[in-house]
Amino acid sequence: MSKGITSQEENYSQWYTDIVKKAGLADHSAVRGCMVIKPTGYAIWENMQKQLDKMFKETGHVNAYFPLFVPKSLFEAEEKNAEGFAKECAVVTHYRLKGDPNEKGKLMVDPEAKLEEELIVRPTSEAIIWNTYRDWIKSHRDLPLLINQWANVVRWEMRTRLFMRTAEFLWQEGHTAHSNEKEAIEETERMQDIYATFAEEYMAMPVIKGKKTESERFAGATETYTIEALMQDGKALQAGTSHFLGQNFAKAFDVKFTDTNNKESYVWSTSWGVSTRLMGGLIMTHSDDNGLVLPPKLAPTQVVIVPIPKANGEINEVVDKIVDQLKAKNITAVYDNDKKSRPGFKFAENELKGIPVRIGVGKRDLENNQVEVARRDNLTKEMVNIDGIAEYIDQLLEDIQTNLFEKAKKFRDDRITKVDSMEEFESVLESKGGFLFAHWDGTADTEQKIKELTKATIRCIPMNMEIEEGKCVLTGKPSKQRVLFAKAY
RNA sequence: CGGGGUGUAGCGCAGUCCGGUUAGCGCACCUGGUUUGGGACCAGGGGGUCGCAGGUUCGAAUCCUGCCACCCCGACCA
């Protein structure tokens, strides 16, 4: 076990905070509920951004940027959206400070500098974007409009947690407009697919695709599609959402287009987003008591090379060659030849930081023309011939990526339990947690009662799982299919 | 917003109950030496508005009053 990291078993929540802080990903800041994302953490986020951005562009989306502030009158235009976010909005009321006449060196809000209209710091950008789209969309030729923005948003949460829930967070939000309902629904599903692919292939985090129930739906959406992941403590994480907004925002902001028959109608729309919360999901899917574990595809440094016991001319020469060969294969490798710490310290440190592969190079190894290769995912080591080392590492990184996904998938699959009574529901929830696959009568009332009874909520009505009729686990009323319940973050 | 906790060196903490020399310890840092295949050791050294503001007192990290911040657990939420 690593020094100073609380074990998962002892206190999962504290373990998580320890990992985030000690691996140097982020820290609490001087601002309540807001974090400082440190270079290592930001590098992982950048790798996520890079890949997602590529996937968005490959499907025809372009990036733009809209203002941080939303005038209150625009914010309130779409009633449900406004109501849903009202409780957690930061509001700008003044635009100037002045010296406090009663206390030297202190500032106060200048009461004379009150804004005519309050500005809401965006908790999401539908309002400001749809107000803009009204001017951009006139004809069917302007559609579809496929725009994404990378931005920060603010939601004044009661209780925050590094990456999982912070008052300010970074995300991307896609906002698209379409001429017809079918196309908008296809877009919503396409983006859910992209999120699922990204989660599984890059984060090595298995997810279940599904739709939200009405009560869990995004404020202002007609339908919310979600990807749900399972964390190591048995709690679910909503990792990304894609919303079919119907004509709700088009009507609220009066966004109409003229079709080929010269008929005017409201556009159909979608919005979709993932946030820095994915960082939390990444950590809680793979990491262990030794520290962070990163999938190779997102690791800022994929390979670290440690001289044993310390750097010398001969070792440097060999390492330089290895680094060059790895670079030629687009593998990021760092030579940890810092003289002040010894190999054992570096091993532990690099494990804490989650670097997927470590290569140890010592005099003894060089005599045999080999190096020691250690995997972060399963902590095994083996001796590998230096000739062909780059090919070996290249393959190994792929194996690690696959192994992480398979391991997480097995963990997740083992924790999807079919339950048919409330007794079973509660006992499984208590003993192993995870997803409970149970029948539900389709009413918000029952959903609410189960939540009050067990703290578990319906994470989604899954899309790719078996359909089977049955009886509601609580009321015994008929049910068309099982849904996934879980305690969630 | 309710409950619990914490605030003393960069980090982790002791000291506070019961006020009293110069506020201490471990890690980290600096210097020198010995070490070096899984978190080295020895010696020496630097670093503090004790969260903030008042008050009590000859004397406050310690007692009293007020405030602030952050963390954890709940309710709310991505």
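Heavy-atom basis, side chains included; hydrogens, waters and symmetry copies ignored. Every chain is numbered from 1 and lettered A, B, ... according to where its sequence line falls, protein lines coming before strand lines.
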Problem set entry | Rounded interatomic separation in angstrom, taking CG from A/Leu352 and C1' from B/C27 | 15 Å
For this session: Name the nucleic acid region contacted by A/Lys363, choosing base, sugar-phosphate or nothing; use a 4.0 angstrom heavy-atom cut-off, strictly under.
Result: base
For this session: Return the nucleotide paired to B/A60: Watson-Crick means purine N1 to pyrimidine N3 with N6-O4 or O6-N4, wobble means G-U with N1-O2 and O6-N3, both under 3.5 Å.
Result: none
Problem set entry | C1' gap between B/C63 and B/U16, integer Å | 10 Å
Problem set entry | Neighbour count >12 (heavy atoms, 6.0 Å) for atom NZ, A/Lys432 | yes
For this session: Check the distance between B/A40's C1' and A/Asp338's CG and give it to me in whole angstrom.
Result: 15 Å
Problem set entry | Side-chain donor-acceptor pair present, A/Thr270, A/Trp272, cut-off under 3.5 Å | yes
Problem set entry | Check: A/Phe85 ring centre within less than 6.0 Å of A/Phe218 ring centre | yes
For this session: Starting at atom CE of A/Met164, determine the distance to atom P of B/C71, rounded to an integer number of angstrom.
Result: 15 Å
For this session: Whole angstrom is fine here: how far is it from NZ in A/Lys346 over to P in B/G39?
Result: 14 Å
Exercise. Going by distance alone, is a donor N or O of one side chain under 3.5 Å from an acceptor N or O of the other, for A/Asn385 and A/Gln370?
Worked result: no
Exercise. With distance as the sole criterion, do the side chain of A/Glu351 and the base of B/G38 form a donor-acceptor contact below 3.5 Å?
Worked result: yes
Seminar exercise, completed: Regarding the side chain of A/Ala348, the nearest nucleotide among B/G39, B/C76, B/C71 is B/G39
Problem set entry | Distance between C1' atoms of B/G47 and B/U31 (Å, rounded) | 15 Å
For this session: Carefully, step by step, assess A/Arg376 and A/Glu351 under the rule salt bridge (charged side-chain N to carboxylate O under 4.0 Å, His left out).
Result: CA-CA 6 Å; A/Arg376 176 62 183 94; A/Glu351 274 161 19; 5.7 Å; no
Exercise. To the side chain of A/Arg161, which of B/G37, B/G39, B/C72 is closest?
Worked result: B/C72
Problem set entry | P atoms of B/A28 and B/A43, separation to the nearest Å | 15 Å
Problem set entry | Whole angstrom value for the distance that separates P of B/C71 from CD of A/Gln14 | 12 Å
For this session: From the options B/G38, B/G37, B/C70, select the nucleotide whose nearest atom is closest to the side chain of A/Arg342.
Result: B/G37
For this session: Please state the P separation for the pair B/G19 and B/C64 - nearest whole angstrom.
Result: 11 Å
Exercise. Is the shortest side-chain N to carboxylate O distance from A/Arg459 to A/Glu216 below 4.0 Å?
Worked result: yes
Exercise. More 5' along RNA chain B: A/Arg155 or A/Leu366, using each one's nearest nucleotide?
Worked result: A/Leu366
Exercise. Where the side chain of A/Ser13 is defined as all heavy atoms beyond and including C-beta, which of B/U36, B/C72, B/G39 is the nearest nucleotide?
Worked result: B/C72
For this session: Look at all strands and tell whether A/Gln238 reaches a base, only sugar-phosphate, or nothing, counting heavy atoms closer than 4.0 Å.
Result: sugar-phosphate
Exercise. Within the structure shown, what part of the strands sits under 4.0 Å from A/Asn11 by heavy-atom distance: base, sugar-phosphate, or nothing?
Worked result: nothing
Exercise. Heavy atoms under 4.0 Å, any strand shown: does A/Phe218 hit a base, just sugar-phosphate, or nothing?
Worked result: nothing
Problem set entry | Same-atom distance (C1') from B/A61 to B/C50, integer angstrom | 5 Å
Exercise. How about A/Ser215 and A/Glu447: does a side-chain donor come under 3.5 Å of a side-chain acceptor?
Worked result: yes
For this session: Both distances under 3.5 Å, Watson-Crick or G-U wobble: report the partner of B/A75, or none.
Result: none
Exercise. Using purine N1 to pyrimidine N3 plus N6-O4 or O6-N4 for Watson-Crick, or N1-O2 and O6-N3 for G-U wobble, each under 3.5 Å, what pairs with B/A14?
Worked result: none
Exercise. If we take the P atom in both B/C1 and B/C18, what is their distance in whole Å?
Worked result: 34 Å
Problem set entry | Interatomic distance, A/Tyr16 OH vs B/C71 P [rounded to whole Å] | 13 Å
Problem set entry | Base-pairing assignment for B/U6 (Watson-Crick or G-U wobble, both under 3.5 Å) | B/A69
Seminar exercise, completed: Considering only heavy side-chain atoms of A/Arg364, the closest of B/G37, B/C71, B/A75 is B/G37
For this session: Specify the separation, in whole Å, of atom NE2 of A/His28 and atom C1' of B/C11.
Result: 14 Å
For this session: Provide the Watson-Crick or G-U wobble partner of B/A23, both distances under 3.5 Å; none if there is no partner.
Result: none
Exercise. Which whole number of Å gives the distance between the P atom of B/G26 and that of B/U62?
Worked result: 25 Å
Problem set entry | Donor-acceptor pair present, A/Glu349 side chain and B/G39 base, under 3.5 Å | yes
For this session: Could you check which nucleotide pairs with B/A28 in any of the strands shown, counting Watson-Crick or G-U wobble with both distances under 3.5 Å?
Result: none
Exercise. Would you call A/Arg122 and A/Phe75 a side-chain contact if the rule is heavy atoms closer than 4.5 Å?
Worked result: no
Problem set entry | Whole-Å distance separating the CZ atom of A/Arg358 from the C1' atom of B/G38 | 8 Å
Problem set entry | Nearest-angstrom distance, C1' atom, B/G51 to B/U8 | 10 Å
Exercise. Looking only at side-chain N and O atoms, does A/Lys451 come under 4.0 Å of OP1 or OP2 in B/C76?
Worked result: yes
For this session: Specify the residue among A/Lys381 and A/Lys455 whose closest nucleotide of RNA chain B lies further upstream toward the 5′ end.
Result: A/Lys381
For this session: Could you check which of B/C70, B/C76, B/G37 has an atom nearest any side-chain atom of A/Met158?
Result: B/C76
Problem set entry | A/Lys310 side chain, from C-beta outward: closest of B/G37, B/C76, B/U36 | B/U36
For this session: Give A/Thr224 one of three labels, base, sugar-phosphate or nothing, depending on what nucleic acid heavy atoms sit under 4.0 Å from its own.
Result: nothing
